[in-house]
Amino acid sequence: MQIPLKVKGQTVEIVAGIDLGTTNSLCAWVHEGTAQVIADREGRRITPSVVNIDEQHHAVVGDEAQERALVSPEGHLTSIKRFMGRSLEDVYDEAKAAPYTVVAGTRTEQCSIRVYGKEYVPEELSAMILAEVKKRAERAVGGRLRRAVITVPAYFDDSQRQATRNAGRMAGIDVLRIINEPTAAALAYGLNHKKAGTFLVYDLGGGTFDVSVLKLTEGVFKVIATTGNTALGGDDFDRALVELISEGVQVEQKPQYRAALKIAAESAKKALSSQDATRVQMQLGDVVIDQTITRPAYEAAIAPLVHKTLASVEFVLDEAGLDPEDVNDVVCVGGSTRTPLVRQELERFFGKPPHTELNPDEVVALGAAIQASILTGDGTGDTVLLDVTPLSLGIETYGGGCTKLLWRNTPVPVRATEGFTTHVDDQTAVAIHVLQGEREMAADLRSLGRFVLRGIPPMKAGMPRVLVEFFIDADGLLKVTAKEMTSGTEASIDVQPTYGLTDEQVEDMIFESIEHAEEDMIAHIVADLKAEGESVIRYSRKAMAERADLVPPPLRVQIEAAIGGLEAAIASGEKEPIEAAMLVLNESTATVAETLMNEVLSVTVAGRSVGEVIGTEPRTRASDIQLG
């Protein structure tokens, strides 16, 4: 049991690292130079990530909630992390398998969990777990926990990270940073103290899996590739065991029976990590179960799940341009890596045993504590941590294409800016549509958010200078700002999607971008050409209408024919005909365009220095901003 450290008249300040897990949660801190998990007054180092709510909506958390699993099965909530920042559509399969009711939220577009007629959003429930972790740590140490680093799976998207941060705030915690679990594990193992190396972190927890490749060079710890599955973990091993336990019998689908089977499966899973077989005996109503589960039968049942994780390992190595022998060390993280089959398959794949020296349940919290200590100036060492953004980010441009500002696997924190302009005359607002994914066209990408920049002074198309900035902070959270440089008008959005990406969608985005790379690029080029062609047609007709004195009849006939040719080419949707027709129209209108440009310059340049005219400006495109 940990001895309280409070000194009379003083309050111990706890700067913690918290692993908010699917199955269990832990709190650690750096005390007297050593990272250590904080055990509560009963000596418990782990808080079960479980909430139990009764009919009066009184909630208990952790071990007390576990004890009420069979007393209040309808309000027994586990694996809450799987639903963080997700819509019901995103988690449809998990929702069907959950032993409680998951519904579409009425307060937000996130899914909610309905208990005895009341809806709870997942971050509310996670906040209860964090509050319990906080309370246990404060009582054990005799101090106050106000600040913490909280870990998330590397493949958590922006919505899931925002939900985690919100849960921390609801629990009364100032979240110093959201960091990826693999990065925390690498810190805990002290890999940052090596001079250089390439490391793979295999993190298989209760409900999530991710795998990351990290490279250490001269004190810079950089995640160079990451992938994973936020709906794969020990919970799925439990489901496989439930099927083995109930094989040959018909169990009524009552909440208390499902809860009892899950508890039995968890117990059997632990036993099979060290034994060749385990016997399960239980009675559910009139049904008596007496099954002996052997390790070979269990391993055969979970083999497809383990092989699925290895497919992700192969993928992430390919992304990093590495072979298995290029990896210096493999680190196991997460309680599910205790499964002998997992360790055997990793050793077979890499030709060497993975690191399992540290408690896989505790390693992430220890690493988070080290990072918290560094952030508050109490830690030692000068390691720089660079995580990455898992998918590319950009904005929709006129014609339906997407201009990428940040590419996937870009280290964060990061800032990127791009200059754009308007598409039509006197446009006083532009709509900024933020997109995520690897394809070229907006219709094939995931929408993250929209906002409108208003108050742009009326100007000719192509004259406004709109600077768009993407900023991803160290937590992996995105902020987008748009500013019109002439007037100084500005608008921004903290991108908080109302739902998250499923991992299958993430992988599909990447694979589809590779499979459709050539056709996507052509489609993007054609979309830009169509937009440019429409602009050329519009301005050609406008010029002929406004300055008829500059267009003699023979030239008018020639320009009208060229316009008709370009319209037909645009309708065909073919790249080469559009380019050729645009060239013909540009040549036909060259004399008119030159005269108009000279008139414009005589007005806009008057009284200005050469430096003012040719000074540095953001790069612009004639058709890049959508009409607001």
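What you are looking at is a predicted structure, and each value in this text was computed from that prediction instead of being measured.
Separating the OG1 atom in Thr151 from the CZ atom in Arg177 is a distance of 14.0 Å, to the nearest 0.5 Å. A distance of 5.0 Å separates CD1 of Ile395 from CD1 of Ile432, quoted to the nearest 0.5 Å. In this structure, Met441 CE and Leu435 CG are separated by 11.0 Å, a value rounded to the nearest 0.5 Å. Between the CD atom in Glu123 and the CG atom in Leu130 there is a gap of 11.5 Å [rounded to 0.5 Å]. Atom OG1 in Thr198 sits 9.5 Å away from atom CG in Leu214 (nearest 0.5 Å). Taken to the nearest 0.5 Å, the CE atom of Met459 stands 10.5 Å off from the OG1 atom of Thr428.
Counting heavy atoms from C-beta outward, Val103 and Cys111 have side chains that stay 4.5 Å or more apart. Using a 4.5 Å heavy-atom threshold, the side chains of Leu405 and Thr417 count as separate. Counting only heavy atoms from C-beta outward, the side chains of Tyr120 and Ser112 never approach each other to under 4.5 Å. Side-chain contact check for Glu396 versus Cys402: every heavy-atom pair is 4.5 Å or farther apart. Considering only heavy atoms from C-beta on, Arg146 stays 4.5 Å or farther from Ile173 through its side chain. You'll find the side chain of Leu393 reaches within 4.5 Å of the side chain of Ile472, heavy atoms only. Put simply, the side chain of Leu77 reaches to within 4.5 Å of the side chain of Ile113, judged on heavy atoms. Proximity of Ile456 to Val430: side-chain heavy atoms (C-beta onward) are separated by under 4.5 Å at one or more points.
The pair Glu181-Lys81 counts as a salt bridge, with a side-chain nitrogen and a carboxylate oxygen less than 4.0 angstrom apart. Using a 4.0 Å cut-off between charged nitrogen and carboxylate oxygen, Glu94 and Arg82 do not count as a salt-bridge pair. Note on Arg541 versus Glu567: salt bridge recorded, some NZ/NE/NH1/NH2 to OD/OE distance being below 4.0 Å.
With Phe471 as the aromatic partner, Arg415 meets the cation-pi criteria of under 6.0 angstrom to the ring centre and within 45 degrees of the ring axis.
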Inset, instruction - Begin from the C-alpha positions of Val480 and Val468 and carry the test side chain to side chain contact (heavy atoms under 4.5 Å, CB included) through to its verdict. - result: CA-CA 7 Å; Val480 181; Val468 177; 4.1 Å; yes

Inset, instruction - With side-chain hydrogen bond (donor to acceptor under 3.5 Å, both in side chains) as the test, would you mind laying out the steps for Ser487 and Glu484 before giving the verdict? - result: CA-CA 6 Å; Ser487 62; Glu484 201 286 306; 2.9 Å; yes

Legend entry - Candidate pair Gln160 and Arg86, rule side chain to side chain contact (heavy atoms under 4.5 Å, CB included), full reasoning: CA-CA 7 Å; Gln160 292 164 301; Arg86 317 288 288 279; 3.3 Å; yes

Legend entry - Verdict with supporting geometry, Glu560 and Val557, side chain to side chain contact (heavy atoms under 4.5 Å, CB included): CA-CA 5 Å; Glu560 286 290 355; Val557 172; 5.9 Å; no

Inset, instruction - Any chance you could lay out the side chain to side chain contact (heavy atoms under 4.5 Å, CB included) test for Leu467 and Phe420, step after step, and finish with the verdict? - result: CA-CA 6 Å; Leu467 194 67; Phe420 299 91; over 6 Å; no

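What you find for Ala95 and Leu88 is that their closest heavy atoms are CB-CD1, 4.1 Å. Nearest heavy atom pair, residue Val211 against residue Ser312, reads CG1-O, 3.9 Å. Among all heavy-atom pairs drawn from Ala127 and Ala167, the shortest one is CB-O, 3.4 Å. Residues Ser126 and Ile80 share a closest heavy-atom pair of OG-CG2, 3.8 Å. When all heavy atoms of Ser212 and Pro182 are compared, the pair lying nearest together is OG-CG, 3.4 Å. Nearest heavy atoms, His433 versus Arg450: CE1-NH2, 3.1 Å.
Between the side chain of Gln427 and the backbone N or O of Ala429, at least one donor-acceptor pair lies under 3.5 Å. Checking side-chain atoms of Ser373 against main-chain N and O of Ile370 turns up no donor-acceptor pair under 3.5 Å. Judged by distance alone, with hydrogens and angles left aside, the side-chain atoms of Asn166 form a donor-acceptor pair with the main-chain N or O of Gln162 at under 3.5 Å. In this structure, the side chain of Thr183 does not engage the main chain of Ile179 through any donor-acceptor pair within 3.5 Å.
Within 6.0 Å of atom NZ in Lys483, 12 or fewer heavy atoms from other residues, nucleotides or ligands are found, so the atom counts as exposed in its surroundings.
No hydrogens or angles considered: nothing links the side chains of Lys404 and Ser392 as a donor-acceptor pair under 3.5 Å. Donor-acceptor pairing under 3.5 Å is recorded for the side chains of Arg161 and Asn180.
Applying the ring pair (Phe, Tyr, Trp, His ring centres under 6.0 Å) test to Phe470 and every residue at least two apart in sequence or in another chain returns nothing. Not counting sequence neighbours, the partners of Ala16 by the side chain to side chain contact (heavy atoms under 4.5 Å, CB included) test are Ile14, Ile18, Cys27, Leu145, Ala148.
None of Val584, Ile578, Leu585 except one satisfies the side chain to side chain contact (heavy atoms under 4.5 Å, CB included) rule with Met582; the exception is Ile578. Under the side chain to side chain contact (heavy atoms under 4.5 Å, CB included) rule, Val364 has a single partner from Asp19, Leu187, Val152, which is Asp19.
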